[in-house]
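Note sheet for the following structure.
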Amino acid sequence: VALSICQTDIGNLYLEMGFHDKAHTFFEKALENRKKWLAETHSLTIESMNNMGIILSKLGKNDEALSYYQKCLEARINLYGEEHKKVADIYSNIGNVYLKMKKNEDALKSQKKALEIRLKVLPKYHHRIADSYLNLGNIYHNANRHNDAIEAFELALKIYKKTHGEKHPSLASCYTNIGVSFKALGKAMESQEKFQKALDIYMEFYPRDHPNIKNIKSQIGSGKPKPEQSSSVPKKAKASPEKHKKMLAKIVLHEANLNRSPDKKDPRYMYRMQLENLKELGFTNEEKNLKALIAARGNIAEAMNQLSK
């Protein structure tokens with residue numbers, strides 16, 4: 001299990017750096033290890049299935065991504081129930097894959113389900129609810145329902161302003177998409193105003209050669225409209241050379257850990273399964289959990305009694 005955690009960390013670093021093939025390799029290894037040692041319904045196994053869906057979608061293997069997402073959805077519903085934020089995340093990811101496949105009706109159904117759950121279980125002004133409106137707007141845009149798209153993007157923008165303030169890339173995504181929809185409606189003045197707002201924000205966060213800045217400049221010119229998408233995997237700015245080096249250093253460290261045999265006398269290793277189970281049961285302070293397990297010699301029931309006092 002410890003090995004799979006290292007593999008997942010490396011996969012996430014490669015994903016952030018844009019090395020999708022390498023990320024896929026490590027996510028796949030992590031899933032194999034978790035299936036070997038853990039149940040299919042264990043939260044870590046489900047996490048790995050979700051990671052496989054994410055990376056396969058990045059690689060354009062949409063049918064395979066959907067297959068993993070469907071398995072993950074079923075497992076999360078069984079583990080958490082239908083109305084849970086982690087279930088909503090999977091519905092949203094499924095919707096984004098359907099959108100890439102140009103299956104607008106299926107995409108709309110999945111995104112509406114994600115929004116329905118998020119409205120029930122999350123605070124009124126939560127960025128995931130804004131993500132849902134942004135994704136719905138993208139579907140409406142693809143279906144040439146541009147007024148509906150603008151309405152959805154405006155709802156997303158309102159929430160992002162509450163959660164992130166007036167200057168954040170999420171707001172720029174909304175301004176971009178509103179501009180794209182106005183452009184499609186032939187409203188040039190309105191679209192240029194939104195594109196300029198998006199550009200002003202992006203210029204504060206991203207290097208000049210970032211794809212989002214290039215996209216906006218093409219919109220201000222005569223480029224083809226290209227709305228931006230949101231998902232439960234947040235987009236990140238292109239890594240600077242310095243950040244790139246730090247991430248590579250992290251990968252080297254993690255890969256060194258992969259080749260190191262675990263100390264079987266280490267309590268964290270000895271009680272790793274109990275620690276994971278306590279976390280799932282709502283005991284989130286790992287240090288306290290470890291101390292209780294050591295005192296209870298690994299007896300999880302006794303440890304829970306101590307932690308509940």
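None of these values were measured; they are calculated from a predicted model.
Panel note: side chain Thr45, backbone Ala39; a donor-acceptor pair is recorded below 3.5 Å. In this structure, Ser92 contributes its side chain and Ala88 its backbone to no donor-acceptor pair below 3.5 Å. Counting only distance, with no hydrogens or angles, the side chain of Asn215 and the backbone of Pro211 share no donor-acceptor pair below 3.5 Å. Ser110 places no side-chain N or O within donor-acceptor distance of the main-chain N or O of Ala107, the cut-off being under 3.5 Å.
Between Lys120 and Glu82 no salt bridge is recorded (no basic side-chain N to carboxylate O distance below 4.0 Å). Salt-bridge annotation for Glu154 and Lys158: absent, with no side-chain N of the basic residue lying under 4.0 Å from a carboxylate O of the acidic one. In summary, Asp89 and Lys86 do not engage in a salt bridge, as defined by a charged side-chain N under 4.0 Å from a carboxylate O.
A pairwise comparison of heavy atoms in Phe195 and Ile216 identifies O-CG2, 3.5 Å as the closest pair. Between Ala156 and Ala130 the shortest heavy-atom distance is CB-O, 3.4 Å. Considering all non-hydrogen atoms of both residues, Pro169 and Tyr206 come closest at CB-OH, 3.6 Å. Annotation for Ala149 and Gly137: closest pair CB-O, 3.4 Å, computed over non-hydrogen atoms. Listed here is the closest heavy atom pair of Ile213 and Arg208: CG2-O, 3.7 Å. Contact detail for Tyr69 and Gly53: the closest heavy-atom pair is OH-C, 3.3 Å.
The closest side-chain heavy-atom distance from Phe205 to Asn212 is not below 4.5 Å. Contact check for Met304 versus Phe283: side-chain heavy atoms found under the 4.5 Å cut-off. Taking 4.5 Å as the limit, some side-chain heavy atom of Leu199 sits within range of a side-chain heavy atom of Met203. Taking 4.5 Å as the limit, some side-chain heavy atom of Ile294 sits within range of a side-chain heavy atom of Leu290. Residues Leu185 and Ile150 have side chains in contact (heavy-atom distance under 4.5 Å, counting atoms from C-beta outward). Using a 4.5 Å heavy-atom threshold, the side chains of Ile55 and His20 count as touching. A heavy-atom distance below 4.5 Å is not found between the side chains of Leu108 and Tyr98. Annotation: side chain of Leu155 is not in contact with side chain of Ile159 (no heavy-atom distance under 4.5 Å).
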Please step through salt bridge (Lys or Arg N to Asp or Glu O under 4.0 Å) for the pair Asp106 and Lys109, ending with a clear verdict. CA-CA 5 Å; Asp106 290 327; Lys109 182 179 177 182; over 6 Å; no

The test is side-chain contact (heavy atoms from CB on, under 4.5 Å); show your working for Leu307 and Leu278 and say whether it passes. CA-CA 10 Å; Leu307 291 165; Leu278 286 171; 4.2 Å; yes

Determine, stepwise, if the pair Tyr140 / Asn104 fulfils side-chain contact (heavy atoms from CB on, under 4.5 Å). CA-CA 8 Å; Tyr140 291 139; Asn104 289 339; over 6 Å; no

Apply side-chain contact (heavy atoms from CB on, under 4.5 Å) to Met17 and Lys22, showing your working. CA-CA 10 Å; Met17 294 168 71; Lys22 289 184 177 181; over 6 Å; no

Applying side-chain contact (heavy atoms from CB on, under 4.5 Å) to Arg128 and Lys85, what does each step give before you reach the verdict? CA-CA 9 Å; Arg128 284 294 185 220; Lys85 61 183 180 180; over 6 Å; no

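By the side chain to side chain donor-acceptor pair (under 3.5 Å) test, Glu276 is found to be paired with Ser43, residues two or more places apart in sequence or in another chain being considered. Under the side chain to side chain donor-acceptor pair (under 3.5 Å) criterion, Gln306 pairs with no residue at all, not counting sequence neighbours.
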Show me the donor-acceptor pairs within less than 3.5 Å that the side chains of residues 23-30 make with the rest of the protein, sequence neighbours left out.
unit_1 : atom_1 : unit_2 : atom_2 : d
Thr25  : OG1    : Asp21  : O      : 3.2

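Annotation: Glu190, atom CD; neighbour count of heavy atoms from other residues, nucleotides and ligands within 6.0 Å is above 12. Within 6.0 Å of atom NZ in Lys279, 12 or fewer heavy atoms from other residues, nucleotides or ligands are found, so the atom counts as exposed in its surroundings.
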